[in-house]
Number of protein chains: 2
Amino acid sequence: MPEDKLLCDLGDLFKVFGDTTRIRILYSLLETELCVCAIAELLCMTQSAISHQLRVLKNAKLVGNRREGKTIVYFLADDHVRSIIAQGYEHLTEEK
Amino acid sequence: MPEDKLLCDLGDLFKVFGDTTRIRILYSLLETELCVCAIAELLCMTQSAISHQLRVLKNAKLVGNRREGKTIVYFLADDHVRSIIAQGYEHLTEEK
DNA sequence: CTTTCATATGAATGTATATTCATATGATAT
DNA sequence: ATATCATATGAATATACATTCATATGAAAG
C-alpha cells in the first residue's frame, strides 16, 4: 500500500500532539511567540525538558524559531496547528 | 490553572490518534462500518490487538459500536474524527 | 440448555519515549 | 579574544503502552 506510509506519518504527527508538555507549549504559543526560557518559566519546567520537546515540535514542523538578540524565539509554524487543536477542543467540549 | 485539565485531556485525545494501528482503524472506518474480525483481516493483525485498540478508541469516544447478529460493528463516532484526520493530512501534504 | 462463534480481557513482555543531570555549543557583549 | 548567557545535546532512568498468548464472556443457533 502506498497509503501505509501516509497513515504512519499521520500517526507520527498526532503523536507529537499527544503529550501534555508539548500541547502546553503549543498552547502557550497560540497567543504570542516566546523564547525557550520564557516557556520553561511559564510551564514550570526545566530548560532542558522544554528544549528537548521544542526539537520534537520543530522536527514535525509545528513550530519555527529565529534568533532574537541573545534568545531564540519560537512560534507556531502554521494555522494547521490551531485548527487541529481547535477540532480536538470541540470534540472534548461537544460531548452530549 | 483550570485550563491544565483541559490541556491534559487534549493531549490524551491526540495520543489516541498518535498510533499507527489506531489511525489505520479509523481510516478503515472512514468509508464504512466494520466488525472486529473484518478490521483484523483488513489490517493483517490479530483479533486481540484490534480489540484492545478499539477499546481505546471507544473510551475516547472516537468510535461507537452495536451488535449486528453475531458480530459487533464499529463506526466512527462523529465528524470531528474526519476533521482532525483531514487537518493532519493537510499539514503533511501542504509542505512547501 | 448447550455448543459455537465473535469479541473482550488480563498478565507479561518488549519497546518507545519523557525527564533529568551533566555538559557542549555558540552567539553576544565587553 | 574571552567571558557569559541562552540553548542544545547525550546518556541514563523511569514510565507508558502496544502486542501477544491464553482464556473469559456472552449472545445466538441448534
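Keep in mind that what you see is a predicted model, and the values were worked out from it rather than measured. Residue numbering restarts at 1 for every chain, and letters A, B, ... go by the order of the sequence lines.
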request  = Sorted by first residue and then second, give each side-chain hydrogen bond (donor to acceptor under 3.5 Å, both in side chains) pair with at least one member in residues 35-44 of chain A; sequence neighbours left out.
outcome  = none
task = Do nucleotides 15-22 of chain D as a string where each nucleotide becomes B, S or -: B if the base has a protein heavy atom under 4.0 Å, S if just the sugar-phosphate does, - if no protein is that close.
result = --SSBBBB
key: Side chain proximity check, A:Thr46 to A:Ile50, heavy atoms < 4.5 angstrom   = no
query = Who passes salt bridge (charged side-chain N to carboxylate O under 4.0 Å, His left out) against A:Glu31, sequence neighbours left out?
reply = none
request  = Quick one, give me the B/S/- string for nucleotides 24-29 of chain D, reading 5' to 3', where B means a protein heavy atom under 4.0 Å from the base and S means that only happens at the primed atoms, P, OP1 or OP2.
outcome  = ---SS-
key: Integer-rounded Å distance: C:dT7 P and B:Ile39 CD1   = 9 Å
ask   = Got a second to check how far B:Leu7's CG is from B:Asp12's CG, nearest 0.5 Å?
value = 11.0 Å
message = I need the CG-C1' distance between A:Leu54 and D:dT7, as an integer number of Å.
response = 10 Å
message = Just the rounded figure in Å: distance from C1' of C:dT7 to OH of B:Tyr74.
response = 8 Å
task = Verify side chain to side chain contact (heavy atoms under 4.5 Å, CB included) between B:Thr20 and A:Asp4, making sure each step is shown before the conclusion.
result = CA-CA 9 Å; B:Thr20 305; A:Asp4 261 10; over 6 Å; no
ask   = Taking the side chain as C-beta and beyond, is there a heavy-atom pair between A:Phe75 and A:Val63 under 4.5 Å?
value = no
ask   = Roughly how bent is the helix from C:dC1-D:dG30 to C:dT30-D:dA1 end to end, in steps of 10 degrees, with each end axis from five pairs?
value = 30°
ask   = So do A:Leu26 and A:Leu76 actually touch side chain to side chain, heavy atoms under 4.5 Å?
value = yes
request  = Measure the shortest side-chain to side-chain distance between A:Lys5 and A:Asp9 over non-hydrogen atoms and say whether it is less than 4.5 angstrom.
outcome  = yes
ask   = Any side-chain donor paired with an acceptor under 3.5 Å for B:His80 and A:Glu90?
value = yes
request  = Quick one: list whatever passes ring pair (Phe, Tyr, Trp, His ring centres under 6.0 Å) with B:Phe14, sequence neighbours left out.
outcome  = A:Phe17
message = Are A:Tyr74 and A:Leu57 packed together at the side-chain level, in the sense that at least one heavy-atom pair is separated by less than 4.5 angstrom?
response = no
task = Round to a whole Å and report the spacing from CD1 of A:Ile72 to P of C:dT28.
result = 10 Å
ask   = What is the nucleic acid contact for B:Thr71, judged by heavy atoms within less than 4.0 Å: base, sugar-phosphate only, or nothing?
value = sugar-phosphate
